[in-house]
Amino acid sequence: MIAHDSKKDDIIQLIKAHKEELADIDLMATLDTGQRVRERTGRPVTLLLSGPLGGEQQIGALVANGEVSAVIFLRDPLNARSHEPEIGGLLKICDIRNIPIATNLITAEAILHLVAEHPEALSGQHLAAQYLEEMADRHE
């Protein structure tokens, strides 16, 4: 989990609202986001570096190594960031590895509903790919 400063309260509310869906999930977060999550929700969180000091890159490496099954990164699109290239790198590795990444509250909600209703979708059993394969088999 990552949140720009203006989105940190949103990520706290998201975690509180989805307490049940997140109960069995190990959370990792960039430093400031993770500290705030710990303080305000009581949830254990593995802390990584702060975003500007390489936190997004750490999460990207975890994605690349198959150690992360979804990313929630609440971004503030109206404030330019000096570490935009790192953000682009994280988005790219999530796309390459087919890892869902939420960049706003509505996509975060969608990922959390997916986790709750179809946890197998985040364990390498991609429902869309399975559906497409089944459809292709029907037309053969």
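Computed over heavy atoms, backbone and side chain alike; hydrogens, waters and symmetry mates excluded.
Taking every heavy atom of both residues into account, Met1 and Ile15 meet most closely at SD-CD1, 3.4 Å. Val37 and Thr41 get closest at one heavy-atom pair: O-OG1, 2.5 Å. Summarising the geometry of Val45 relative to Gly34, their closest heavy-atom pair is CG1-CA, 3.9 Å, with the distance given to 0.1 Å. Contact between Arg40 and Ile12 at its shortest, heavy atoms only, is CB-CG2, 3.9 Å. Of all the heavy atoms in Glu21 and Ala116, the pair that sits closest is CG-CB, 3.3 Å. Residues Pro44 and Leu27 come closest through the heavy atom pair O-CB, 4.2 Å.
At distances below 3.5 Å, not a single donor-acceptor pair connects side-chain atoms of Thr33 with backbone N or O atoms of Ala29. Counting only distance, with no hydrogens or angles, the side chain of Lys8 and the backbone of Ala3 share a donor-acceptor pair below 3.5 Å. Using a distance-only test at 3.5 Å, with no hydrogens or angles considered, no donor-acceptor pair links the side chain of Asn65 to the main chain of Glu67. Looking at His4, its side chain never comes within 3.5 Å of a backbone N or O of Arg75 through a donor-acceptor pair. Without hydrogens or angle criteria, Arg38 side chain to Thr46 main chain gives no donor-acceptor distance under 3.5 Å.
At a threshold of 4.5 Å between non-hydrogen side-chain atoms, the residues Leu48 and Leu62 count as touching. Proximity of Ile72 to Ile11: side-chain heavy atoms (C-beta onward) are separated by under 4.5 Å at one or more points. Side chains of Ser6 and Asp76 form a contact here, defined as non-hydrogen atoms less than 4.5 Å apart. Using a 4.5 Å cut-off on side-chain heavy atoms (C-beta onward), Glu56 and Ile2 make contact.
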Residues Leu53, Leu31; criterion side chain to side chain contact (heavy atoms under 4.5 Å, CB included); working and verdict: CA-CA 10 Å; Leu53 297 178; Leu31 187 63; over 6 Å; no
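For NZ of Lys16, the number of neighbouring non-hydrogen atoms (other residues, nucleotides, ligands) closer than 6.0 Å is greater than 12. More than 12 heavy-atom neighbours from other residues, nucleotides or ligands sit within 6.0 angstrom of CD1 on Ile96.
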Using distance only, find each side-chain donor-acceptor pair of residues 108-115 under 3.5 Å and give its atom names and separation, not counting sequence neighbours.
{"residue": "Glu109", "atom": "OE1", "partner": "His18", "partner atom": "NE2", "Å": "2.8"}
{"residue": "Glu109", "atom": "OE2", "partner": "His18", "partner atom": "NE2", "Å": "3.2"}

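For Gln58, the side chain to side chain donor-acceptor pair (under 3.5 Å) test picks out no residue, with sequence neighbours left out.
Between the CG atom of Leu14 and the NZ atom of Lys7 there is a distance of 12.0 Å, given to the nearest 0.5 Å. Taken from CD in Glu20 to CG in Asp24, the straight-line distance is 11.0 Å, to the nearest 0.5 Å. For the atom pair Ile99 CD1 and Cys94 SG, the distance stands at 6.5 Å (nearest 0.5 Å).
The pair Arg36-Asp9 does not meet the salt-bridge criterion, since no charged nitrogen lies less than 4.0 angstrom from a carboxylate oxygen.
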